[in-house]
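Working notes, structure below.
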Amino acid sequence: MPGDISASPACGKIIFSLPVSKMTSSSKLGRSSRWGWRVGSPCVGLAARVRLKNEPGAYPHESSALRVIRVLTLILGSLWLALAASPAGAVEAVRVTLDEAAVDLTPVVEHYKSESDLIQISTAPGPDGIVRRIAVKAREGGTRPDWIVFALTNDTDEQIDRLLVAPHYRLVGSGVIWPDLGSSRIAAITASQGIRPEREDSPDADIFTVTLDPGTTVTFVAELNTSNLPQLYLWEPEAYKHKVNGLTLYKGIIIGIAGLLALFLTVVFVVKGAVIFPAAAALAWAVLAYACIDFGFFQQIFPIAAATERIYRAAAEAVLAATLLVFLFAYLNLSRWHVRYSHVTLFWLFFLGALVGLAVFDAPIAAGVARISIAAIAAVGFALVVHLASHGYDRAVMLIPAWLLLLVWVAATSFTVLGELSRDLVPPALIGGLVLIVLLIGFTVMQHAFAGGALAQGLVSDSERKALAIAGSGDIVFDWDVSADRIYVSNEVEQLLSLRRGSLEGPASAWLDIIHPFDADRYRATLDAVLEQRRGRIALDFRLRAANGQYFWFNLKARPVVGSDNEVIRVVGTLSDVTEHRNAEERLLHDAVHDNLTGLPNRELFHDRLNGALVLSRRGGAIRPTVIVVDIDRFKAVNDSVGLSAGDAILLTLSRRLGRLLRPQDSLARITGDELALILISEREPDRIIAFADMIRRAVTTPVTFAEREIFLTASIGIALHDSQDDVKGEEMLRNAEIAMIHAKRQGGDRIEVFRPGMRGQGTDKLAIESDLRRALERGEMKVYFQPIVRLGDRTIAGFETLLRWDHPRQGRLMPHDFIPIAEESGLIAELGAFALERTARELSVWQRALEVHPPIFASVNISSRQLLRHDLLHDVKTVLARTPVEPGSLKLELTESLVMENPEYAAQMMSRIRDLGAGLSLDDFGTGYSALSYLQRFPFDTIKIDQSFVRQLGNGSRPVILRAIISLAHDLGMEVVAEGAENESDAVELAQLGCEYAQGFAFGEPMTAHDARRLVGAAPEAA
């Protein structure tokens, strides 16, 4: 059979006829000896015929090679022509029967995205097995719409009429992010043959009447308005009508219930006026609006465009989320629990309000965020409800059923919008479930509206008011019927004690079995006294034993009721659980006399126990307490290295180690930060006491593992033995042990020292000096002296060196070597240095105003290692220079060579910053250390002070080579030289001959007061 190509007379449709033998249902080509395509273009009357035959003799004068070329050329040309027409293949037809009410075409339709306004599709094979090609042009030229293709087969002998229904909006599969909010789905439908489909009027769906002739297969090509087609059904007209009528009735009932519920809650709000009622009413109105829009009721009353409907739908979901949040906040009264709840709710409401405005510009985004918000509100609300219900909040308990149902509804809705639940009845059922939730919420709210009416109006008697007061206080009723000897208590006590109901109801004596033995006598005596005296009030604390053996504290407040015969007939009152209060008192008492970190007794409890042990020793003599003080060596360095928290853990470990060494009669206490003290009673012999102390020392030296790091510690241990001949007090005995410990620490630590009376003077001098030094500046005992520095060239005053002297009230004048080491050890050196710096700068300013020379007069102040390591030194220098007007570089800071070489890098950095502030730098005691000369070039010194040990060698008439080399080196580096220790004129002459610029010593004057220094330079002396 030849294949022919022709154009259809109708513009806009092209038919390709392809006869194929044995065509399969999937439109695959079977074997055939002839292929043919019918090709044409719109509105063109062109006809052509292409013939391809394989029979021999078709071309008698054609060679075999030419025949093969001709066949291949025709085949390739035909394939190119078919592929250029369209890449789509034939569709599979769906069989339509007479008795089938509805056919779901959604899974069988084929979707296409055309690159122009024309689509060419292969039809489904007809009864004759022929696959045709149809071309459909879009309604509007130049567009590129989406298309769907499906085929229907009527293999009956009757004509079949069906309704093709594509709903505008389906909740099923609409999605969460950028959801599909509905739109007109099908713009037009073209049938490959037969009667043209006709559109039916419907506001909810695109409906077309489709007619299938008997024994035909019709391929339909539909132009889509949107890329998404959520559902396509083929309905029998009467069945579809019954379905629509049924859903209309259901929707009307749901909308009616929702409207009545919203109106009823509004009326309740007007009557009652509480905040939960307008919140519930607003939620009901929001659900009503959402149902009206989803069911299409609103669109029937107010006809709107599809784009506007999407805006209303997104806004309705945002309002539903907002009203749900407002109801949760108002009903649970979240503002009473924490102010943060109010802040979060206001922010959330503002965000949801912004979604309503966003719906005008981008409805899908607003709807997606609103759906996520509804799910979040349901989840967070359920967590809050469960949390508050577990704490006994009645409102939360009553809301659990409604909110649990809301959580189930949110889960079902989530499965629906994600396409997991796809039945047609699911969306209407979800709207009905939402109305049911609001109805249940309304019932919950009504319980608050009408419950406790008499209480709300104040219609209670005095007895009822007292009963309410007892219930509100949380106390437990206690009633003892004396005549029947029967006690009644509320069941809260039995529940607290885990006793069976009625266990505490019985005679008063039965309570003695569960009362703590220490409290039983007071309980019996109190009740007997009330019965005898027939008056008074009971205020009694006692403990009751629970079923598990634990004791609870209760406070009984009661009074007797006297009958007509002047005898006590009842004792009535309340019981209160005061366990927490008593435990708190015990904790406070424990914390007052125990260390918070280790739980050991503190200094106060240690003194009490020590005094008690000494009292017992004086009475019987069998007890001879020994005090042992243990101090961890260099524990501050451990804290600086591993941190304070690790230091606390180490102390806790050591306290537990030492606690395991003690016997029950011994006592361990923490009296200061890293100092522990023991009262040893279990050992009396000195040798055994020393052995025990050595056990303590070895326990401390055992490494402590912290964070995979071993920390090695040592301890200084002081022992104060008991002396039966001496009536010593506990404080004095502890003080003796501390003095022995200090003596052991002075010897290098990791030692055990027993107190001897000779240690007392050595220990108290240093402690007393440190104590007095802390108040020396406040009392004005610290004096500043100035030793002159002379210019050797003309013997004029070039400057002064500042020296400190302490006029101690008891020990007289102390030199720097007597108190400077103690000040450095205790940290007071910083205050002394700042004092000397401030006084020197003030005097230097006076000297420079009185003696205007060039170069200006200068002053030197010694700096210790503690000051150099502190960043406060920079602040002190900056402050002093800002307050006192002195020439730049004239206020010099003296640093020793050994101090600089302890940390050269840090010292160089600090000195550069000091130099930038405007202060001078002088290297003191040069030549006494062992520093490399290469470091000297890195430090910004402007003056070198030669140690007096080199100057004293001049007395033998020789000029030391080292002294000459030092002076020459200093000059080469651009530094000036000051020689210390010039004792006489000959020393001064020789130093001048060596090239030394300045000298100081007794040859030019001893250290003098500020008054004398002013007189020396010609300045006005300071006022007295």
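These figures come from a predicted structure and were not determined experimentally.
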> Of the non-hydrogen atoms in Ala982 and Ala999, which two are nearest, and what is the gap between them?
Replying inline: CB-CB, 4.3 Å
>> Just to verify, what does Asp633 make a salt bridge (charged side-chain N to carboxylate O under 4.0 Å, His left out) with, not counting sequence neighbours?
In response: Lys745
> Nearest heavy-atom pair of Pro788 and Phe1004: which atoms, and what distance?
Replying inline: CG-O, 4.0 Å
>> Any non-hydrogen side-chain atom of Leu804 less than 4.5 Å from a side-chain atom of Phe819?
In response: yes
> Taking the side chain from Ser912 and the backbone from Ala908, do they hold a donor-acceptor pair closer than 3.5 Å?
Replying inline: yes
> Once you round to the nearest 0.5 Å, how far does CG of Leu921 lie from CD1 of Ile944?
Replying inline: 12.0 Å
>> Less than 4.5 Å apart, side chain to side chain, heavy atoms only: is that true for Ile696 and Leu676?
In response: no
>> Ring-plane angle category for Tyr998 and Phe858, please: parallel below 30°, perpendicular beyond 60°, tilted otherwise.
In response: perpendicular
>> Could you work out, with ring pair (Phe, Tyr, Trp, His ring centres under 6.0 Å) as the rule, every residue matching Phe606, not counting sequence neighbours?
In response: none
> In Å and rounded to the nearest 0.5 Å, what is the OG to CD1 distance from Ser890 to Ile857?
Replying inline: 9.5 Å
> Would Gln1000 and Glu801 satisfy side-chain hydrogen bond (donor to acceptor under 3.5 Å, both in side chains), going step by step from the backbone distance to the final call?
Replying inline: CA-CA 9 Å; Gln1000 70 179 90; Glu801 180 183 359; 2.7 Å; yes
>> Assess the residue pair Thr840 and Thr802 against the criterion (side-chain hydrogen bond (donor to acceptor under 3.5 Å, both in side chains)); give the C-alpha distance rounded to whole Å, side-chain angles, the decisive distance to 0.1 Å, and a yes or no.
In response: CA-CA 7 Å; Thr840 302; Thr802 302; 2.8 Å; yes
>> I'd like to know if the side chain of Gln848 and the backbone of Glu887 have a donor-acceptor N/O pair within less than 3.5 Å.
In response: yes
> Given the rule in the salt bridge (Lys or Arg N to Asp or Glu O under 4.0 Å) test, do Glu738 and Arg735 qualify, once you have shown the distances and angles that lead to the verdict?
Replying inline: CA-CA 5 Å; Glu738 288 180 335; Arg735 180 61 180 163; 3.6 Å; yes
> Is a side-chain donor or acceptor of Asn596 paired with a backbone partner of Gly599 at a separation under 3.5 angstrom?
Replying inline: no
>> Applying salt bridge (Lys or Arg N to Asp or Glu O under 4.0 Å) to Glu753 and Arg751, what does each step give before you reach the verdict?
In response: CA-CA 7 Å; Glu753 291 289 342; Arg751 292 174 58 87; 2.7 Å; yes
>> Less than 4.0 angstrom from a charged side-chain N to a carboxylate O is my criterion; do Glu838 and Arg883 meet it?
In response: no
>> What verdict does the side-chain hydrogen bond (donor to acceptor under 3.5 Å, both in side chains) test give for Asp595 and Thr598, after you've listed the backbone C-alpha separation in whole Å, the side-chain angles of each residue and the deciding distance to 0.1 Å?
In response: CA-CA 6 Å; Asp595 176 54; Thr598 60; 2.8 Å; yes
> For Lys945 and Ser922, which heavy atoms make the closest approach, and how far apart are they?
Replying inline: CG-OG, 3.4 Å
>> Before you tell me yes or no, could you show the steps for Arg603 and Glu731 under salt bridge (Lys or Arg N to Asp or Glu O under 4.0 Å), namely the whole-Å CA-CA distance, both residues' side-chain angles and the distance that decides it to 0.1 Å?
In response: CA-CA 10 Å; Arg603 182 181 287 267; Glu731 293 82 356; over 6 Å; no
>> Tell me if a side-chain donor or acceptor on Arg670 pairs with a main-chain N or O of Thr672 at a distance below 3.5 Å.
In response: yes
>> Test your reading of the model: is there a side-chain donor-acceptor pair from Arg697 to the backbone of Val630, 3.5 Å cut-off?
In response: no
>> Going by the rule salt bridge (charged side-chain N to carboxylate O under 4.0 Å, His left out), which residues pair with Glu997 if we only count those two or more places apart in sequence or in a different chain?
In response: none
